[in-house]
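One structure is given below, encoded as structure tokens.
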Amino acid sequence: MTTLTTGSPDTRTYAEFGRPLWRRALFNREMAIIALLLAVVVAASVMVPKFATPVTLGYLLFDVTPILLIALAMAPVMITGDIDLSVGSMVGLSSVTLGLGTQMGLSVPVAGLIALLVGALGGLVNGLLVTRIGLPALAVTIGTLALYRGIAVGLLGTTAITQFDRWWTTLVKSKIGGSGIPTVMIVFVLLLAAFAIMLHFTPFGRGVFSIGLSKDAAVFSGVDAERTRLVLFVLSGLMAALAGIYYALYYNSARGDNATGMELQVIAAVVLGGVSVFGGRGALHGVVAGVLLIGVLSKALQLVNITSDVVSIITGVLLVLSVIAGSVLSWIQAKRLRPAAPPVKTS
Amino acid sequence: MDNSQAAPVLELKGVSKSFGAVVALRNADLALRAGSIHAVVGENGAGKSTLVKIMAGLYQRDTGTFEMDGAPVHFRTTAEAKDAGVAVIYQEPTLFPDLSVTENVFMGRQPVSRFGRIDKAAMRTEVVGLMERLGVRIDPGRPCEGLSIADQQIIEIAKAISLDARVLIMDEPTAALSGVEVDRLFAVARSLRDEGRALMFISHRFDEVFSLCDTVTVMRDGTYISTDAIADTSVAEIVRRMVGRDVNELFPKQAAEIGRPLLEVTGLTEPGVFSDISFTVRSGEIVALAGLVGAGRSEVARAVFGVDPYTTGSVVVDGKPLPRRKPSAAMKQGIALVPEDRRKQGLVIDATVASNITDAIRPTLTTFGLVTARRENAEAQIWARKLEVKTAALDAVAGTLSGGNQQKVVLAKWLAANPKVLIIDEPTRGIDVGTKSEVHRMMSELAGMGLAILMISSELPEVLGMADRVLVMHEGRITADIPRAEATPESVMFAATHDKEDVA
Amino acid sequence: MTTVAAPPAPGVLSRLGSLARSRETGIFLAFALVVAATTVKNPQFLFSGDGWRDLLLTPAIVAVVAIGQAVVIITRSVDLSVGSIVGLTAYLVGSLFVAVPGFPIPLVFLVGIAFGSLLGLVNGALVAFGRVPAMVITLGTLYAYRGINVVWTGSNRINASDMPRDFLALGTQQVLTIPVITILAVAILAMVGWYMANTRGGREFYAIGSDPDAAELYGLAKTKRVLIAFVASGAASGLGGVLFAARYGTINSQVGDGFELQAIGAAVIGGVAIVGGSGTVLGAVFGAYLLLTINRALPVLGIPDFWQRAVVGALIIGAIILDRVLANRQAKRLMEDRSAA
């Protein structure tokens, strides 16, 4: 096909990018949220005594780990334009499964594996209802939010299982040397790398973005949109289940109401981190920064004895502001870009 | 009748409209008179829809005057246009699917009695009367969901009549209608004209324009060209003004060596959509799939490619059978589909040019399963250059390009995949004349290189000029297979509007 | 062109027929079935003063909130902040009585509704002017309103003794064995239901939810309608807060927690399509009664009430699947009608 000629032979080279590298790297949503995160960290270190210590850092990371884990999978789900509200309930269901499993005498790895299977199954149910029956993800996962939580609470009632293998709880609570960084962060970093490669450097990941921008166009380019979305829901269930295992081991408690409302924190962090609620845009470094920003704020406020509930106000307001800022920005961009369109040539 | 002396009900003079640097309408004049049906013709992208949207209050003009009954008007909203008595029937009717026919006719202006209570009985009575007058049988209480396009258009007309609109604008209302439905629509239009309303009619079908209208305005490339009484002009004259040059120059299909069959479709059937579709496209051949909008042509193309389902039948590409419902398999076996709706299906309109060009070949650009922007850009560079895409940079958002350049990006994306079979649905819809002939030359050249090309087109000159063979579809069936030598506008249109038994 | 006879106006029989087939009837029958089954097991469930009262009273507050939620969902939005509005308003009402012990009771209702409307207006303005999905905005305000509530309340709590006896009596009073709160809920249902079915404004909610783009072409005031829907939802939740205070007498910072789920669930179960454009507020109220009655029936039927939420979830999912199946069936039928014509 290399002999295709269209008029005069053209040897022009297209610029790869419209803006220079430094502008592309600096002026985007992810960098804005990272800058905000750094500013808050600096401010907190200066103003809040005991904030800039390994101990605080450790607690901070322990607190945000479940949200970080779930956010890794929630981000791609939201980039396709779907949403998974059932993750908080899945954390609860998974921790209950782990608890019941060990109570029956299973070892933590075996019970954990079952919990992960439950998570994958829960995600599969969401995904099948959304892709095969074609129901809106919001409605489906509002339903399974109640359903999975209901099963978790139904299985355990108001009791809690607090007897986990000491070796495992100690491992989960351990830190890397004297750094204050939890050992589990190694797992998180590996998963982050895996998700980042999947989302940003594979055809599958490109498909995720295409589906979010235009499902039709993605399908017409050979992307199997239904399968992609199904896979992402399963991953979301899996990551929530993993967070549930962590939650039960770290707090040494499996309860039906573990992590109630966590779905909201995850979605807030993901949106704050620059994932568009309309789908089609977002990046994992922004998402991680979004989770950490909320974590740092709540830890700093907690240290100055402000109730952790101020954080929910801040989270809510930040969420609203960030989506509105997003829509204002894209409006400005649309206004700026339109005149730049080349005039229709009428030769 | 001679209405040229009467003062126009609606008059536009020197109206222009730009979007950024793109001039959509330049210096347009138009005068609609009571008791007249005024045709506006022009190719896609000629500025007709922009004109309509200005009259409907959806767009505001940049320059020029807009008068109704001699008084200047300035519609900022559709409600203002409606209040002034201007009703627009769009090509694709815009009704509320969940609401009843009656509610759709009256939405926003329901008759109310005490306490603001809607008078449902009065509404129903009026709709029953309207339907009777229009000679159709549609239950006023049923929801609009599931109504045929023709019935939906009738409801739009009922809406306009019940509004007592003095000016009725119809934007390609016949595009999706069958012969009987067109007759019915025309009878209604004539009776509205005889009541003294002013009608404007946009159409691509000259026979309709000449049988229905009394005045015709021609537009080209966003510019007003001329207005004449129908009696004083001819089809040939109108066509010449529309395209601005001789038709023959536009469609340069060169003879190519016809080789082995590359696409063989046998007995393809999807109940309610199309049935028993069989045809073969050979290497070097351009086969046109003609017919009215809604005849099922695009659906066949989508089913062949695997985006849509089919119940029975088979598709064979270059001797190898193709699994159903699997576009990625179709791509692997060498089929490319340039879909009808460029902005929604052909392109990820908010993604970059580079990403769009590499959309169909991405799996082949990986190293150890990974794909990088560098690889994509390198590949995009090659194809953007070959097709002379006009863009500032490869990371420009596809939506900011002109229609013609967007189509080039879609073509680049599929040519990059090195297909054996190219299915191309409305190849030149909505692109400018210059790019249009470029696309045609390219298609001809590709056929010369041995591709099998299946072209779906609603533009007769394009069909007749480009195709080696014309397949015509009517209501989901192929009604004729006409070789190039025998294809005439009459033979194609006849097959497009009649059942197979009548054609054979 | 042949003239055709106009289709006959719907007669009494066909109206009865469509009534029998309506979603509202189906949900009501399900509700009756649950009540009947439970009563067979334990006659006290229906045939006792308390049983009868609880049957009518317990779902009434959620029903009120669900009426507002239904209006929002019909307009193709969703309001997740209703639970937080209920909580915040309930605490405001309690604090008013603490600050001004003799505060007139009718005025308390007005203050509660006005306050709820104000919170709803914030939601509506952000959604309508920010052009952002309602789900995200109201998720944000769910947080923010609840946070304000917690900061304001702290570990405080308002007890029955802080509120006037007349006010608390409203929560349990009955007229002809029907609880006053239930009567109030029915009155609101009648008002809103009538408005949604019989006025231009009401129908415009449906039109906007059915096809927002078409609504724009029709020149309907979309921004205004979206605002009104959210204010209505806020007002209903505000009223819900006042009623909660009257009914339960104890107000902490977690009042109304999870109401959003019950209200959305009630609407969806009652046939309000989550994608907008169809359903009725009557359906939403029946949905609320079915949902909360099942919750109360579970323990009687020998299922631990820990399983309540699972039942809620299963019902919501069942309802949306049912909706989709019915919609597919209707679309098919309409298509067949068309090819038969």
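We name chains A, B, ... by the order of the sequence lines, and we start the count at 1 in each one.
- Top candidate by heavy-atom pairs under 4.5 Å with chain B, chosen from C:Glu204, C:Arg203, C:Arg200, C:Glu216, is C:Arg200.
- In terms of heavy-atom pairs under 4.5 Å with chain B, the best-connected choice from C:Asp211, C:Thr199, C:Asn198 is C:Asn198.
- Legend: residues meeting side chain to side chain donor-acceptor pair (under 3.5 Å) with C:Asp213, ordered by chain and number and at least two apart, are absent.
- C:Tyr218 contributes a side-chain N or O that, together with a main-chain N or O of B:Asn104, makes up a donor-acceptor pair within less than 3.5 Å.
- Once rounded to the nearest 0.5 Å, the distance linking OG1 of B:Thr78 with CG of C:Leu220 reads 8.0 Å.
- Ranking C:Ala207, C:Gly219, C:Gly202, C:Ala221 against chain B, the residue ahead of the rest is C:Ala207, based on heavy-atom pairs under 4.5 Å.
- Dense packing is recorded around NZ of C:Lys222, with more than 12 heavy atoms of other residues, nucleotides or ligands lying under 6.0 Å away.
- For a residue to count as touching a neighbouring chain, one of its non-hydrogen atoms must lie under 4.5 Å from one of that chain's; by this rule C:Ala215 touches chain B with backbone and side chain alike.
- Taking a 6.0 Å sphere around CZ of B:Arg109, one finds it holds more than 12 heavy atoms contributed by other residues, nucleotides or ligands.
- Residue pairs meeting the salt bridge (charged side-chain N to carboxylate O under 4.0 Å, His left out) criterion with at least one partner in residues 161-170 of chain B, sequence neighbours excluded, are B:Asp69-B:Arg166, B:Asp164-B:Arg197.
- Identified by a heavy-atom distance below 4.5 Å to chain C, the contributing residues of residues 112-121 of chain B are B:Val112, B:Phe115, B:Gly116, B:Arg117, B:Ile118, B:Lys120, in residue-number order.
- Using a 4.5 Å cut-off between heavy atoms, B:Gln110 touches chain C through backbone and side chain atoms alike.
- Proximity to chain B (any heavy atom under 4.5 Å) is shown, for C:Leu217, by both the backbone and the side chain.
- For residues 94-101 of chain B, the interface with chain C (any heavy-atom pair closer than 4.5 Å) comprises B:Thr94, B:Leu95, B:Phe96, B:Pro97, B:Asp98, B:Leu99, sorted by residue number.
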